[in-house]
Amino acid sequence: ICILTIFSMGLVENLKYFIFFRFVQGVFSAFVLILGTSIILPHIQELGKIYLSTAHFSGVALGMVLSSIVVSYLGSLGVEWDYLWISVGILSVVLSIQIVLFTPDQKEYFQNNTNIKSSSRFGFTLISISYCLYGFGYVAFGTFISTMARTTSGLENTEPYIWFIVGISGIPSVFFWNWFGHKIGNDLSLFLACSIMGFGVLLSVFNSNQFTFLFSASLFGLTFIPITAMSLLEGQKRFSGSFIVSTAILTFSFSIGQVIGPYLAGYITDFTGSFNV
């Protein structure tokens with residue numbers, strides 16, 4: 001369904017239909033995240049490779065790199081927007097082959113975390129609220145980063161490869177932060193990653209030359225996927241039920257922030273004429 005909706009967005013010209021397919025895409029991409037993680041994680045944990053628990057999230061960054069190459073290259077040739085969507089759909093079909101061939105069989109999932117000392121309703125509520133706020137904050141920058149490059153004087157040349165920078169920074173980041181979290185604690189590692197992302201976003205506001213903007217994008221790439229991964233792991237620690245349920249609740253919280261963030265940011269940007277706020 002995710003792949004079909006990508007093609008569909010390239011086949012319609014009515015904005016209402018486009019938004020509908022975009023909505024369906026969002027719903028089922030959340031299913032992919034939750035179900036994919038619930039299938040892969042038990043296999044990794046059975047091997048004792050806890051620091052690789054969310055390594056598959058690096059695929060998000062790889063997808064960003066490949067799609068940015070396809071879109072930037074075809075865009076430079078003057079290919080229209082609808083054919084760009086169809087091209088990304090074809091890329092998605094190619095990448096889905098590995099899912100069909102290599103996704104492992106589903107295991108009986110590990111027991112509920114009823115005996116883990118760190119699990120508490122209050123602690124899980126806090127991480128859920130925080131994850132909602134993170135979705136609100138990160139997605140405003142993520143949504144408008146290309147528009148910032150296109151419309152800000154002096155940054156126009158960065159637009160074709162801004163998402164490539166984000167993606168290429170993100171591929172190794174999950175492995176690093178998982179390892180780092182294993183060394184110093186997942187909660188502290190999560191705090192540091194959020195702080196670095198916040199610094200990067202502020203940097204893009206206070207100093208908007210090309211170098212700092214690209215550096216800001218690289219800090220964004222280094223942190224936004226690992227924060228998602230570490231938040232899901234932290235939620236697992238704080239939740240007394242199964243990882244599938246905790247992931248579903250956190251993803252729902254995250255999605256609320258992701259819906260409100262760009263909507264509010266768009267209005268504020270229109271009202272002020274600047275992305276600074």
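Just the heavy atoms: all of them, side chains too, but no hydrogens, waters or symmetry mates, feed the values below.
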Take E234 and D187, measure what side chain to side chain contact (heavy atoms under 4.5 Å, CB included) needs, and give me the verdict at the end. CA-CA 7 Å; E234 191 64 25; D187 50 355; 3.9 Å; yes
Begin from the C-alpha positions of I249 and S128 and carry the test side chain to side chain contact (heavy atoms under 4.5 Å, CB included) through to its verdict. CA-CA 8 Å; I249 294 171; S128 298; 4.2 Å; yes
Apply the test side chain to side chain contact (heavy atoms under 4.5 Å, CB included) to residues F7 and W85: give CA-CA distance (whole Å), side-chain angles for both, the deciding distance (0.1 Å), then the verdict. CA-CA 6 Å; F7 281 109; W85 277 109; over 6 Å; no
Could you go through L11 and D82, starting from their C-alpha distance and side-chain angles, then the distance that decides it, and tell me whether this counts as side chain to side chain contact (heavy atoms under 4.5 Å, CB included)? CA-CA 7 Å; L11 297 175; D82 48 354; over 6 Å; no
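Between the side chain of H182 and the main chain of W177, no donor-acceptor pair closer than 3.5 Å is present. Checking side-chain atoms of N186 against main-chain N and O of G181 turns up no donor-acceptor pair under 3.5 Å. Between the E159 side chain and the E156 main chain, no donor and acceptor come within less than 3.5 Å of each other. Here the side chain of S246 pairs no donor or acceptor atom with the backbone of F239 at under 3.5 angstrom.
A single hydrophobic cluster is not seen to contain both V94 and I99; linkage of ILVMFWY side chains at heavy-atom distances under 4.5 Å, directly or through other members, places them apart. When hydrophobic clusters are built by joining Ile, Leu, Val, Met, Phe, Trp and Tyr residues whose side-chain heavy atoms come closer than 4.5 Å, directly or via intermediates, V27 is grouped together with F21. Both W163 and F144 are members of a single hydrophobic cluster when ILVMFWY side chains are connected at heavy-atom separations under 4.5 Å. A single hydrophobic cluster is seen to contain both W81 and Y17, as judged by linkage of ILVMFWY side chains at heavy-atom distances under 4.5 Å, directly or through other members. Two different hydrophobic clusters hold I40 and V32 under the rule that ILVMFWY side chains link at heavy-atom gaps under 4.5 Å.
The heavy-atom pair separating A55 from N178 by the smallest distance is N-ND2, 4.0 Å. Here the closest non-hydrogen pair linking F124 and R238 is CB-O, 3.6 Å. The two atoms that bring V174 and P226 nearest to each other are N-CG, 3.9 Å, heavy atoms only. The minimum heavy-atom distance linking P104 with I39 is given by the pair O-CG2, 3.5 Å. Across every non-hydrogen atom of V166 and A217, the tightest pair is CG2-O, 3.6 Å. Shortest non-hydrogen contact noted between A140 and G261 is CB-O, 4.4 Å.
Distance check, rounded to the nearest 0.5 Å: CD1 of I168 to CG of L222 gives 11.0 Å. With rounding to the nearest 0.5 Å, the separation of CD1 in I90 from CD1 in I6 is 11.5 Å. How far OH of Y161 is from CG of N157: 6.0 Å, rounded to the nearest 0.5 Å. Rounding to the nearest 0.5 angstrom, the gap separating the CG atom in L35 from the OG1 atom in T103 is 11.0 Å. To the nearest 0.5 Å, the span separating CZ on F20 from CD on Q25 amounts to 12.0 Å. Summarising the geometry, atom CD1 belonging to I227 is positioned 11.5 Å from atom CZ belonging to F191; distances are rounded to the nearest 0.5 Å.
Here Y267 and Y263 bring their ring centres to under 6.0 angstrom of each other.
Ring orientation note: the planes of F254 and Y131 are close to parallel, at an angle under 30° on the 30°/60° scale.
Looking only at side-chain heavy atoms (C-beta outward), F252 and C132 stay at 4.5 Å or farther from each other. Within the 4.5 Å cutoff, the side chain of F213 has heavy atoms near those of the I162 side chain. Between S231 and L190 there is a side-chain heavy-atom pair separated by less than 4.5 Å. A heavy-atom distance below 4.5 Å is not found between the side chains of F206 and T212. Taking 4.5 Å as the limit, some side-chain heavy atom of R22 sits within range of a side-chain heavy atom of M9. Looking at V93 and I3, their side chains come closer than 4.5 Å, going by heavy atoms from C-beta outward. Between F141 and M148, the closest side-chain pair of non-hydrogen atoms falls below 4.5 Å. Under the 4.5 Å side-chain criterion, counting only non-hydrogen atoms from C-beta, V139 is not in contact with Y134.
Heavy-atom contacts from other residues, nucleotides or ligands closer than 6.0 Å to CD1 of I1 number 12 or fewer. For Q210, the CD atom is densely surrounded, since the number of other residues' heavy atoms within 6.0 Å is greater than 12. Surrounding CZ of F31 are at most 12 heavy atoms belonging to other residues, nucleotides or ligands under 6.0 Å away. Heavy-atom contacts from other residues, nucleotides or ligands closer than 6.0 Å to CZ of F215 number 12 or fewer.
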Only pairs under 3.5 Å count here: list side-chain donor-acceptor contacts from residues 64-79, not counting sequence neighbours, and write none if there are none.
residue : atom : partner : partner atom : Å
S67     : OG   : G63     : O            : 2.8
S67     : OG   : M64     : O            : 3.2
S68     : OG   : M64     : O            : 3.1
S68     : OG   : V65     : O            : 2.7
S72     : OG   : S68     : O            : 2.8
S72     : OG   : P160    : O            : 2.5
S76     : OG   : Y73     : O            : 2.5

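If you check the side chains of Q258 and Y138, you find a donor sitting under 3.5 Å from an acceptor.
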